[in-house]
> 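First the structure, which I've put down as structure tokens, then a few questions once you've had a look.
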Amino acid sequence: IDFETRSACDLKVAGVYNYAQHGSTEVLCMSYAFDDDDVKTWLPFVHDEHGHVKKMPFPQEVADHKGLIYAHNAAFERLIFWYVLQIDFALEQFVCTAAQARANCAPGSLEDVGRFAGASMKKDHRGAQLIRKMSVPPYEESPELTAEMVAYCEQDVRAMRAISKAMRPLSPTELKDYHVNERINDRGVLVDVPLCHAAVKYASAELAEIQEIVAEVTEGEITSVRSPKMRDWVYARVDDEARKLMQKDGKVSIDKTVRFNLLNCDGVPPDVQEVIQCADDLWASSVAKFSRLAQLSDEEDGRVRGAFVFAGGSATGRASSYGAQVHNFTRKCAQEPEAVRTAMVRGHAIVPKFGKRVTDVLRGMLRPALVPSKGKYLVVADWSAIEARVNPWLSGKGDDKLAIFASGEDVYKVNAAATFRVSVSRVTKEQRQIGKVQELACGFAGGVGAFAAMGRAYGILLPESDAKRMVDAWRRANPWSVLYWQDLESAYTRAMRNKGKEFSAGRVTYLFDGLHLWYVLPSGRILCYPYARLESEGVTYAKAAWKPAADAKEWPRARLWKGLACENITQAVANDLLRHSLRQLDDVVLHVHDEIVIETATPDPEALRLVMCTPPDWAKGLPLDAEVSIMERYGK
């Protein structure tokens, strides 16, 4: 099914929940098909031969339908049914073909998933033109435009049906997890709207600071991210793979798509990433995030809904965040959020009392802008070192490492003790910090470069020789790791050479079907590297997260290597643990990778901790731990 609608409400600004509930929103047409039948279209109003407007009855066969309803980005169709047409289909009836595409490691947009599969790489702009004419005020109406809109809507139904049938369907568990995600989206999270409005007033100060950061990082070479010099500065400092991503129409580009791809590319040094991020921050600064929260909040109850995109991280199945983008909120939080909030709402100076720069103060208030409703609390729980536990467990060879976690020992101190050859009790604070960087940087086959990059994030700057010593020490203390990475590389390479045969490494199994390199996780969930090829430099695949240039002949490809395979599997299994917990919990308002937030009047931290720390049957032997806090504002 597919709707075309019109409204005085701006869908992109207000979000789908506010759009569907807006009094001016109405259906222009509804195209639908049952199974493989021909596509039909219902028009709410038609003009008869005398030019009179005639109201058309809603199709009874649709109103009476008790089975599944497939739609692309199905939340839109569901909310139009509920709020505009007042037809109460059950949430569990809806299947999202965009979620199905993402669960199969393909892009989520209807246009992109076709291009991804090798269909014409030409972009059809007519649909967007029709929407501008007919769906956005001032509306244009004519029999010709209506006929064209109907044809466009019917073609979308055919396209989504063909795409859905060509792909592996969502498993019953995946479909249940999609519905859990949608219930969380429907519940929403309460936003402190006055705080958001106050933050916007500090915008000009923050934007000036972003320019200062760019000048500082580039040592004065670049004074504005709008400068053409920035593109050349970035190009000179990235590797060949990143440079390929910057090529558009035979020229070097640093546009929004390129910036997005570069921020997801391993060949971009941290200081260059910071400058690229500043370019994005100029348009999507923390001030913009506050503004977005205020725009998306419901006029009546102040809640932001629809923040989570199921399987938005196509390589792992992790959820991503849309609109509110809570996954991009900095982890840093103000130490006195109530005091900062009071100062901001009253328009008082917030620097230097609450921070050195306006930028830092505002970033520290993003999380605290999310609050419980009156009489309730936020119960915030996050798993302790979840990836550091999952990784050795997946290898099937990391029992010694798992025993450290099971005993409750501090794994960062254990790393440092092995590296500096002292007892755990004598590890200093600085040595523990190095142990933490070792764990975060080295677990996915990271070398000196990964250690240096992670070290910078934690304020540790070591000469290359010392950094190499830290990497080597971690690998010696974790003998399971190097063998496991080699096993992964061997398994997926052998799978590529032996179509239709399974090859296992640790607790994961690979299979190449001639088109996609599939792998099955311990939970039974299946992921893949789409359109995989075994080439001279190794295995490559079409990367859904990268966007092709308008004139591209093929979707951008990335190289699979053992560290990436290890990282993808680990994060995917961590996501399976999150999904397992979410199925058992009520009143969840947020989930961010390894963190779950519940809004309740009767906090029970131990009950939440028990759910998160009891592994599912498929994860026997995986020691889990979680930290739980009760908060009156979201924080860290």
Side-chain angles (χ1 to χ4, degrees), residues 68 92 95-106 164-182 309-319 383 386-387 389-398 402 484 487-488 491-492 494-495 499-513 515-530 532 541 544 560 564-585 591 593-594 596 611-624:
L68 295 176
E92 286 76 15
V95 181
C96 180
T97 55
Q100 181 190 357
R102 291 190 301 267
N104 282 288
C105 304
S164 181
K165 289 178 74 170
M167 287 190 173
R168 177 189 69 86
L170 294 175
S171 70
T173 302
E174 284 176 311
L175 187 55
K176 185 174 183 179
D177 289 336
Y178 165 71
H179 293 142
V180 167
N181 184 81
E182 292 306 285
V309 179
F310 180 74
S314 59
T316 60
R318 280 177 161 188
W383 277 286
I386 185 69
E387 292 181 3
R389 296 163 186 262
V390 166
N391 198 0
W393 177 80
L394 274 168
S395 76
K397 300 173 180 174
L402 295 175
Y484 175 45
D487 287 348
L488 285 172
Y492 66 67
R494 290 173 71 198
K499 178 182 166 184
K501 291 191 175 180
E502 296 181 0
F503 294 89
S504 297
R507 299 177 190 268
V508 174
T509 300
Y510 291 92
L511 179 142
F512 178 57
D513 65 2
L515 200 59
H516 310 310
L517 174 59
W518 297 94
Y519 57 101
V520 61
L521 303 168
S523 65
R525 184 159 65 95
I526 297 168
L527 288 164
C528 74
Y529 295 102
Y541 64 98
L560 178 62
L564 178 63
C566 180
E567 181 178 24
N568 287 165
I569 293 162
T570 301
Q571 291 183 349
V573 169
N575 180 249
D576 282 334
L577 294 169
L578 174 72
R579 292 185 185 190
H580 176 74
S581 293
L582 292 177
R583 274 176 237 138
Q584 303 172 67
L585 296 168
H591 53 90
H593 297 330
D594 59 353
I596 295 174
V611 167
M612 292 175 67
C613 295
T614 304
D617 291 342
W618 54 261
K620 286 279 192 298
L622 174 58
L624 297 170

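Excluded from the calculations below are hydrogen atoms, water molecules and symmetry mates; all remaining heavy atoms, backbone and side chain alike, are included.
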> Roughly how far apart are L624 CG and I386 CD1, rounded to 0.5 Å?
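The distance works out to 5.0 Å.
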> Are any non-hydrogen side-chain atoms of N181 and V309 less than 4.5 angstrom apart?
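Side-chain contact under 4.5 Å: no.
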> Quick one: list whatever passes side chain to side chain donor-acceptor pair (under 3.5 Å) with K499, sequence neighbours left out.
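Side chain to side chain donor-acceptor pair (under 3.5 Å) check on K499 returns nothing, list empty.
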> Who passes side chain to side chain donor-acceptor pair (under 3.5 Å) against H580, sequence neighbours left out?
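Once residues adjacent in sequence are excluded, the partners of H580 under the side chain to side chain donor-acceptor pair (under 3.5 Å) criterion are Q584.
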> Kindly write out the residues that satisfy salt bridge (charged side-chain N to carboxylate O under 4.0 Å, His left out) with E502, not counting sequence neighbours, or none if the list is empty.
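E502 satisfies salt bridge (charged side-chain N to carboxylate O under 4.0 Å, His left out) with no residue once adjacent residues are dropped.
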> Testing the basics here: between I596 and S581, what is the closest heavy-atom pair and its distance to 0.1 Å?
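Heavy-atom minimum between the residues: CD1-CB, 3.9 Å.
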> What distance do W393 atom CH2 and K620 atom NZ have between them, rounded to the nearest 0.5 Å?
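The NZ atom of K620 is 10.5 Å from CH2 of W393, to the nearest 0.5 Å.
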> Output a table of donor-acceptor pairs, distance under 3.5 Å, between side-chain atoms of residues 98-106 and any protein atom two or more places apart or on a different chain; print 'none' if there are none.
from	atom 1	to	atom 2	distance (Å)
Q100	OE1	S164	OG	2.6
Q100	NE2	S164	O	2.9
Q100	NE2	M167	O	3.4
Q100	NE2	R168	O	3.2
R102	NE	F310	O	2.9
R102	NH2	F310	O	2.9
N104	OD1	R168	NE	3.1
N104	ND2	Q100	O	2.9
N104	ND2	R168	O	2.9

> Identify, with sequence neighbours excluded, every residue that meets side chain to side chain donor-acceptor pair (under 3.5 Å) alongside S171.
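Side chain to side chain donor-acceptor pair (under 3.5 Å) check on S171 returns E174.
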> Without swapping roles, check the side chain of W618 against the backbone of G524 for a donor-acceptor pair under 3.5 Å.
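Judged by distance alone, no pair lies under 3.5 Å.
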> How long is the gap from NE2 on H591 to CG on L582, to the nearest 0.5 Å?
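Output value for this atom pair is 5.5 Å.
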> Listed by chain and number, what are the ring pair (Phe, Tyr, Trp, His ring centres under 6.0 Å) partners of H593, not counting sequence neighbours?
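H327.
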> List for me each residue that meets side chain to side chain donor-acceptor pair (under 3.5 Å) alongside T97, sequence neighbours excluded, and say none if there are none.
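Testing T97 for side chain to side chain donor-acceptor pair (under 3.5 Å), a comparison that skips the adjacent residues, returns H72.
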> Who are the salt bridge (charged side-chain N to carboxylate O under 4.0 Å, His left out) partners of R583, not counting sequence neighbours?
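Counting only residues at least two positions away or on another chain, R583 forms a salt bridge (charged side-chain N to carboxylate O under 4.0 Å, His left out) with D177.
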> Can you list everything that forms a salt bridge (charged side-chain N to carboxylate O under 4.0 Å, His left out) with R507? Sequence neighbours excluded, please.
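Testing R507 for salt bridge (charged side-chain N to carboxylate O under 4.0 Å, His left out), a comparison that skips the adjacent residues, returns none.
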> Looking only at non-hydrogen atoms, find the nearest pair between G621 and L402 and report the distance.
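Nearest pair, atom of G621 first, then L402: O-CD1, 4.0 Å.
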> Testing the basics here: between P530 and C528, what is the closest heavy-atom pair and its distance to 0.1 Å?
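Looks like CD-O, 3.6 Å.
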> Below 4.5 Å, heavy atoms only, C-beta onward: do L527 and N568 meet side chain to side chain?
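Not touching, per the 4.5 Å side-chain cut-off.
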> Got L622 and L577 here, is their nearest side-chain heavy-atom distance under 4.5 Å?
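They are in side-chain contact.
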> Please report the interatomic distance CG(D617) to OG(S523), rounded to the nearest 0.5 Å.
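These two atoms lie 12.5 Å from each other.
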> Looking at every non-hydrogen atom in both residues, tell me the closest pair between A505 and Y484 and how far apart they are.
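Closest approach of A505 to Y484: O-CE1, 4.3 Å.
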> Flag the pair T316 / N575 as yes when at least one side-chain heavy-atom distance between them is below 4.5 Å, and no otherwise.
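No, their side chains stay 4.5 Å or more apart.
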> How far does CE of M612 sit from CG of L578, to the nearest 0.5 angstrom?
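Here the rounded value is 7.5 Å.
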> Output every pair passing salt bridge (charged side-chain N to carboxylate O under 4.0 Å, His left out) with a member in residues 517-530, not counting sequence neighbours, ordered by first then second residue.
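Found R525-D576.
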> Spell out, as yes or no, whether a donor-acceptor pair under 3.5 Å connects the side chain of R389 to the backbone of P623.
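The answer is yes, because a donor-acceptor pair under 3.5 Å joins these two groups.
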> Please enumerate all residues that pass ring pair (Phe, Tyr, Trp, His ring centres under 6.0 Å) together with Y510, with sequence neighbours excluded.
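Y510 satisfies ring pair (Phe, Tyr, Trp, His ring centres under 6.0 Å) with Y492, Y519 once adjacent residues are dropped.
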> Check whether any side-chain heavy atom of L517 sits under 4.5 Å from a side-chain heavy atom of L560, and report yes or no.
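Yes, at least one pair of side-chain atoms sits under 4.5 Å.
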> Could you pull out all residues at least two apart from E387 that satisfy side-chain contact (heavy atoms from CB on, under 4.5 Å)?
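Scan of E387 (side-chain contact (heavy atoms from CB on, under 4.5 Å), adjacent residues dropped) gives R318, F444, T570, Q571.
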